[in-house]
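Here the structure is a predicted model, which is why all the values come from computation and not from measurement.
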Amino acid sequence: MKSFLNRTKPGLGKNGKAFDGTYWSEIYGNGLDVDGSYNAKQHAQYLHTLFQLMEIPVYKIADFGFGKGILLREFVRSFAPVKVFAVDASEDAYHDLLKKDWVKKSDKFQVYHSALESFSLPKLEREPVELGICNSVIQYLPDSELPGLLERLAKYCNYLYFTVPTKEDYAVMKKEMDFLDPYAYQRSAKQYRKLLSRDFEIVGYNILQSKWLGEKGFKEELFRI
């Protein structure tokens, strides 16, 4: 395992606060009701099965905003990659991941503490990973940073397992759970689709295919949105 701690510019939410222990306790809580945490194993099994069907091999994985590392752990278990890149803006999350046995006892991990908007890894552009993960992350970045970030992600990975809550999703969470996230920017589904459309195609539930990818794994035109 290799680790890289950024002691300069931290990632900040819309409210100007860092993703420290307060964020994790107030927004994330125990994770028992967070999609991608309580059902992380099912997410990983779903994608692994689909990639087997489409005959898409996965040798390297990158997680852009790994958080508690729960989803990453299950993806590593399901796909058994030979190399894993993991980055998060939270120093708390970074140090917590380094302490986990499945990370510190392995030589396949490169773990980075960095804000996504300033994260750059040119070797991934030269040799993209087959699978990237960006689970409920980009709502924390301002509008001005998203086009550049999404272009980098599309160059860094052939496929991206991607989720982001929309303005309507937040409205539902406010009504049903009285949940508010002051760290997040709220955008419509139309805004996100437009942002994604330059560099990605939506080819399935939570699955984006990079437009920078030469030989496409998902070829059927009808399902490439």
Side-chain angles (χ1 to χ4, degrees), residues 9-40 42-43 46-47 62-72 87-90 92-93 114-119 132-154 156-157 159-211 223-225:
K9 181 183 177 182
L12 303 176
K14 182 182 179 182
N15 58 4
K17 296 183 179 180
F19 299 96
D20 54 16
T22 300
Y23 166 81
W24 294 110
S25 62
E26 293 184 358
I27 304 301
Y28 191 87
N30 58 22
L32 294 178
D33 58 351
V34 177
D35 183 43
S37 293
Y38 74 89
N39 56 356
Q42 287 80 4
H43 277 278
Y46 149 66
L47 191 63
D63 193 336
F64 304 97
F66 55 79
K68 292 290 187 179
I70 299 171
L71 192 62
L72 176 60
V87 57
D88 202 278
S90 168
D92 289 53
S114 173
L116 272 188
E117 56 266 41
S118 59
F119 180 69
I133 305 168
C134 189
N135 181 54
S136 193
V137 173
I138 72 167
Q139 70 270 25
Y140 296 119
L141 277 70
D143 293 349
S144 60
E145 300 288 352
L146 292 184
L149 171 64
L150 291 172
E151 179 178 338
R152 287 197 302 278
L153 294 185
Y156 287 177
C157 51
Y159 305 93
L160 186 64
Y161 199 67
F162 176 84
T163 65
V164 64
T166 66
K167 184 182 297 185
E168 178 59 28
D169 293 328
Y170 277 117
V172 172
M173 287 188 279
K174 174 65 170 68
K175 180 179 180 180
E176 295 183 354
M177 300 182 290
D178 196 29
F179 174 79
L180 295 172
D181 187 350
Y183 293 79
Y185 295 85
Q186 295 190 22
R187 305 179 180 96
S188 68
K190 182 178 180 180
Q191 287 176 287
Y192 279 122
R193 290 191 187 108
K194 183 177 180 180
L195 284 164
L196 291 167
S197 65
R198 188 185 70 167
D199 297 293
F200 289 101
E201 298 171 307
I202 301 173
V203 293
Y205 179 74
N206 289 7
I207 308 171
L208 305 180
Q209 178 171 260
S210 172
K211 288 186 176 180
F223 303 105
R224 293 165 58 186
I225 302 170

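- Looking at Arg224 and Val203, their side chains come closer than 4.5 Å, going by heavy atoms from C-beta outward.
- Applying the side chain to side chain contact (heavy atoms under 4.5 Å, CB included) criterion to Arg152, with sequence neighbours excluded, gives Leu149, Tyr156.
- The shortest heavy-atom contact between Asp92 and Asp20 is OD1-CA, 3.8 Å.
- Separating the OG1 atom in Thr166 from the NZ atom in Lys190 is a distance of 14.0 Å, to the nearest 0.5 Å.
- Annotation: the span from Lys174 atom NZ to Gln186 atom CD amounts to 11.0 Å, rounded to 0.5 Å.
- Note on ring orientation: taking the six-membered ring where Trp is involved, the planes of Phe19 and Tyr140 are perpendicular (angle over 60°, cut-offs 30° and 60°).
- Checked by atom type and distance alone, the side chain of Glu145 never pairs as donor or acceptor with a backbone atom of Pro142 at under 3.5 Å.
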Full working for side-chain contact (heavy atoms from CB on, under 4.5 Å) between Asn15 and Tyr183: CA-CA 5 Å; Asn15 58 4; Tyr183 293 79; 3.5 Å; yes

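- With Asn206 contributing its side chain and Thr163 its backbone, the two residues share no donor-acceptor pair below 3.5 Å.
- By the 4.5 Å heavy-atom criterion applied to side chains, Ile207 and Tyr46 are counted as neighbours.
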Candidate pair Val137 and Phe64, rule side-chain contact (heavy atoms from CB on, under 4.5 Å), full reasoning: CA-CA 8 Å; Val137 173; Phe64 304 97; over 6 Å; no

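- Annotation: the span from Leu153 atom CG to Ile133 atom CD1 amounts to 12.0 Å, rounded to 0.5 Å.
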Ile27 and Phe179: CA distance, side-chain angles, deciding distance, side-chain contact (heavy atoms from CB on, under 4.5 Å) verdict: CA-CA 8 Å; Ile27 304 301; Phe179 174 79; 3.9 Å; yes

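- Nearest heavy-atom pair across Gly67 and Trp24 is CA-CH2, 3.4 Å.
- A heavy-atom distance below 4.5 Å is not found between the side chains of His43 and Asn135.
- In terms of heavy-atom proximity, Ser37 sits nearest to Ile70 at O-CG2, 3.6 Å.
- With values rounded to the nearest 0.5 angstrom, Asp178 atom CG is found 12.0 Å from Met173 atom CE.
- Closest approach of Pro147 and Asp199 over heavy atoms only: O-OD2, 4.4 Å.
- In this structure, Arg193 CZ and Ile225 CD1 are separated by 8.5 Å, a value rounded to the nearest 0.5 Å.
- Annotation: the span from Leu150 atom CG to Phe200 atom CZ amounts to 6.5 Å, rounded to 0.5 Å.
- Residues Pro165 and Ser136 come closest through the heavy atom pair CD-OG, 3.7 Å.
- Side-chain atoms of Lys14 do not come within 3.5 Å of backbone N or O of Gln139 as any donor-acceptor pair.
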side-chain contact (heavy atoms from CB on, under 4.5 Å) assessment of Tyr159 paired with Leu47: CA-CA 11 Å; Tyr159 305 93; Leu47 191 63; over 6 Å; no

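- Closest heavy-atom contact between Ser210 and Ala154: OG-O, 2.6 Å.
- With a 4.5 Å cut-off on side-chain heavy atoms, Phe162 and Leu196 count as touching.
- With sequence neighbours left out, Glu151 forms a side chain to side chain donor-acceptor pair (under 3.5 Å) with Lys155, Arg198.
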